[in-house]
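Worth saying up front: this structure is predicted, and the values here are computed from it rather than measured.
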Amino acid sequence: MARWQIRKVPGKKTLQIWDDKFKQISAESPSGSLSAVSAVIATLRIVVGDAAPGETINIDDQS
């Protein structure tokens, strides 16, 4: 399972980034912007070193 997951808040447009390692919400988008949430996850993977060397991160598939 991926370390970060995109979750939708029931009954709202809000999307949240769940960090499975620390069991907490790392970020959220109250407007429900999937592109913004995907970009944040891609950035987290690069900064933390979660991406393999030479791996190209597919921003459209960060769920």
### Message
If hydrophobic clusters are built by linking Ile, Leu, Val, Met, Phe, Trp and Tyr wherever their side-chain heavy atoms come under 4.5 Å apart, do Val48 and Val37 end up in the same one?
### Response
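Yes, it is one cluster - the side chains of Val48 and Val37 are joined through contacts under 4.5 Å.
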### Task
Kindly give the cluster partners of Ile25, where membership spreads through any ILVMFWY side chain lying under 4.5 Å from a current member.
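Result for Ile25 is Trp18.
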### Task
Dump the intermediate steps for side chain to side chain contact (heavy atoms under 4.5 Å, CB included) on Asp50 and Leu44, then the final yes or no.
CA-CA 8 Å; Asp50 187 44; Leu44 286 169; over 6 Å; no
#### Entry: side-chain hydrogen bond (donor to acceptor under 3.5 Å, both in side chains) against Lys12, all qualifying residues, sequence neighbours excluded
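For Lys12, no residue satisfies side-chain hydrogen bond (donor to acceptor under 3.5 Å, both in side chains) once neighbours in sequence are set aside.
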### Message
Holding to side-chain hydrogen bond (donor to acceptor under 3.5 Å, both in side chains), I want the full list of residues that pass it with Ser33, two or more places apart in sequence or in another chain.
### Response
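Ser33: side-chain hydrogen bond (donor to acceptor under 3.5 Å, both in side chains) contacts with Ser35.
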### Task
Please identify each residue that fulfils side-chain contact (heavy atoms from CB on, under 4.5 Å) with Asp19, with sequence neighbours left out.
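Only Arg3, Trp4, Lys21, Phe22, Ser26 meet the side-chain contact (heavy atoms from CB on, under 4.5 Å) criterion with Asp19.
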### Query
With sequence neighbours excluded, what pairs up with Ile46 under the side-chain contact (heavy atoms from CB on, under 4.5 Å) test?
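Per chain and number, Ile46 pairs via side-chain contact (heavy atoms from CB on, under 4.5 Å) with Ile57.
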#### Entry: Contact summary for Ser38 and Ile6, nearest pair of heavy atoms
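For Ser38 versus Ile6, the nearest heavy atoms are OG-CD1, 4.2 Å.
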### Task
For the residue pair Asp20 and Lys23, establish whether any side-chain heavy-atom pair is separated by less than 4.5 Å.
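In short, these two side chains touch, coming nearer than 4.5 Å.
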### Query
How long is the gap from CG on Leu15 to CG on Leu34, to the nearest 0.5 Å?
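Rounded to the nearest 0.5 Å, the CG-CG separation comes out at 6.5 Å.
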### Message
Could you check whether atom NZ of Lys8 has more than 12 heavy atoms from other residues, nucleotides or ligands sitting under 6.0 Å from it?
### Response
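Check passes, neighbour count above 12.
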